[in-house]
Amino acid sequence: MYHVAMAAMDDESMGTTASTATRQQGASRNGAILVTGAGGEMGHGLLQALAEDKAAREARGESSPAIVAIDLRDLPADHRKLCDESFTGDVCDARLLERMLSSFEVGEIYHLAALLSTRSEFVPETAHSVNVGGTLNLLRLAAEESRTHGSAVRFFFPSSIAAYGLRDLESKRAAGAVAEDSFLHPHTMYGCNKVSGENLGHYYENHYRKLASDRIERPIDFRSIRFPGIISADTVPSGGTSDYGPEMLHAAARGEAYACFVRPDARIPFMTMPEAVEAIRRIMSAPKDRLSRNVYNVQSFNPSAEEFLAEVRKHFPQADTGFVPDEARQAIVDSWPEACDDAAAARDWGWRPEYDLQSAFSEYLVPRIRERYEGS
Ligand code: SER
């Protein structure tokens, strides 16, 4: 059965490798959960959650798939110890994926690897190759793996508020909380890539190889969340446009001056990293028949940059923060909604925020950040 599955991948783009030959001899592979971009901000929190779930299952005497990571760079030691195997390389590299597949039978995928919104605007075509090309590789891998399992491969795709494109500030203010199916004309390459990934996920789930005689029904089970800006106490993002929030906070905690690159009145939704990871766990464990759509909004709070700074100053009154708006990055923020309607996520898979702005700071961000920078 596996021989048939891989034959479909052995075209000129995938190449025929030694590992293919191994699989064709029927070598058995270990079941695995695959996390791409595992070395990034979200990867750390997600690997932790997956490792906890695995340990809990094993403690109950149940078997558990291996946790396998892929990242462009060698994983930091604290990420590495959370997985059973890690591969260093590019999700666009078919041979790397082949090498991973020679040892592992993938049943679930968290495809986090991507270039973020600000970085993507400097190299839009490269961003497209990585963000869409990588997603396509993983979707195809998932669809072909499902032939082996005889069941759908569950696929998580982190989308973003960058999928939205409000025409200008006036439209943004008039729109208020946007629902999932409106304003999907993003102004950034990253946003275009996210919309594309969402559409491809829908295609692979419902229509993949529509005309092929050997097509299988629903090879993947595609689930996606459009995340707002995410704030972690443990890491600072890089290359994103919502980065001004976490950058402001971490700079204040480190006692460093910070020039915020958006206007004081800039407003987009945010959430904390633990809430983002919990949201992924929830949507991935929801019964499929409860999901009325593939892609869901979520958000926890949506302060203006000025309100965010006021909260920072409550805890770090010495914060040396000024506003030096960068017009181009501001324009990106102005094209993103000021709030997202997350009623579908609440109804279908029980999404609810853990924090509001004040409690996010007082219960999660500030205690953890103090511990990190002050060791107290
Ligand atoms: N936070 C991301 C960024 O700013 C959007 O998903 O690029």
Side-chain angles (χ1 to χ4, degrees), residues 36-37 40-46 110-124 126-128 130-132 134-135 156-166 172 178 180 183-198 201 224-250 260-263 266-277 279-280 283 295-305 308 325-326 328-340 342 345 360 365:
T36 72
E41 263 213 300
M42 186 173 272
H44 188 235
L46 183 62
Y110 297 81
H111 175 44
L112 310 182
L115 263 69
L116 291 186
S117 56
T118 289
R119 187 156 301 152
S120 294
E121 283 316 296
F122 290 103
V123 284
T126 304
H128 186 274
V130 174
N131 295 351
V132 180
T135 301
F156 181 74
F157 179 69
S159 190
S160 161
I161 50 166
Y164 295 108
L166 284 305
K172 169 171 171 153
V178 304
E180 281 90 349
F183 305 109
L184 295 175
H185 295 287
H187 297 197
T188 60
M189 176 54 94
Y190 175 78
C192 292
N193 299 162
K194 287 300 184 191
V195 174
S196 192
E198 294 175 3
S224 178
I225 294 176
R226 283 196 195 129
F227 286 111
I230 300 178
I231 316 169
S232 168
D234 303 325
T235 49
V236 188
S238 69
T241 313
S242 58
D243 296 5
Y244 63 89
E247 282 175 359
M248 213 188 279
L249 171 62
H250 282 262
C260 178
F261 58 80
V262 294
R263 289 186 315 265
R267 188 184 297 279
I268 54 168
F270 282 96
M271 73 196 308
T272 65
M273 186 60 81
E275 291 172 293
V277 171
I280 297 174
I283 194 174
V295 180
Y296 290 86
N297 283 340
V298 295
Q299 72 163 52
S300 296
F301 39 84
N302 64 334
S304 66
F308 194 93
D326 170 322
R329 290 180 97 184
Q330 176 69 57
I332 294 177
V333 170
D334 289 345
S335 75
W336 291 352
E338 62 178 31
C340 291
D342 55 8
L365 291 167

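Model, not experiment: these values are computed from the prediction. Side-chain atoms are counted along with the backbone in the values below, which use heavy atoms only and exclude waters and symmetry mates. Counting starts at 1 for both ligands and their atoms, in listed order.
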Pairs of donor and acceptor atoms involving the side chains of residues 189-197, under 3.5 Å and at least two apart or interchain, shall be tabulated with distances.
{"residue": "N193", "atom": "OD1", "partner": "N131", "partner atom": "ND2", "Å": "3.1"}
{"residue": "N193", "atom": "ND2", "partner": "M189", "partner atom": "O", "Å": "3.2"}
{"residue": "K194", "atom": "NZ", "partner": "P158", "partner atom": "O", "Å": "2.7"}

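Every residue two or more places apart in sequence or in another chain that forms a salt bridge (charged side-chain N to carboxylate O under 4.0 Å, His left out) with D234 is listed here: R368. Remark: E198 engages R226 in a salt bridge (charged side-chain N to carboxylate O under 4.0 Å, His left out) (not counting sequence neighbours).
Distance alone, capped at 3.5 Å, places no donor-acceptor pair between the E338 side chain and the R267 backbone.
Among protein residues, L116, S117, S160, Y190, G240, T241, S242, W336 come within 4.0 Å of ligand 1, judged on heavy atoms.
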F308/F270 under ring pair (Phe, Tyr, Trp, His ring centres under 6.0 Å): CA gap, chis, key distance, verdict:
CA-CA 10 Å; F308 194 93; F270 282 96; 5.8 Å; yes
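The closest side-chain donor-acceptor pair between S224 and S159, if any, does not fall under 3.5 angstrom.
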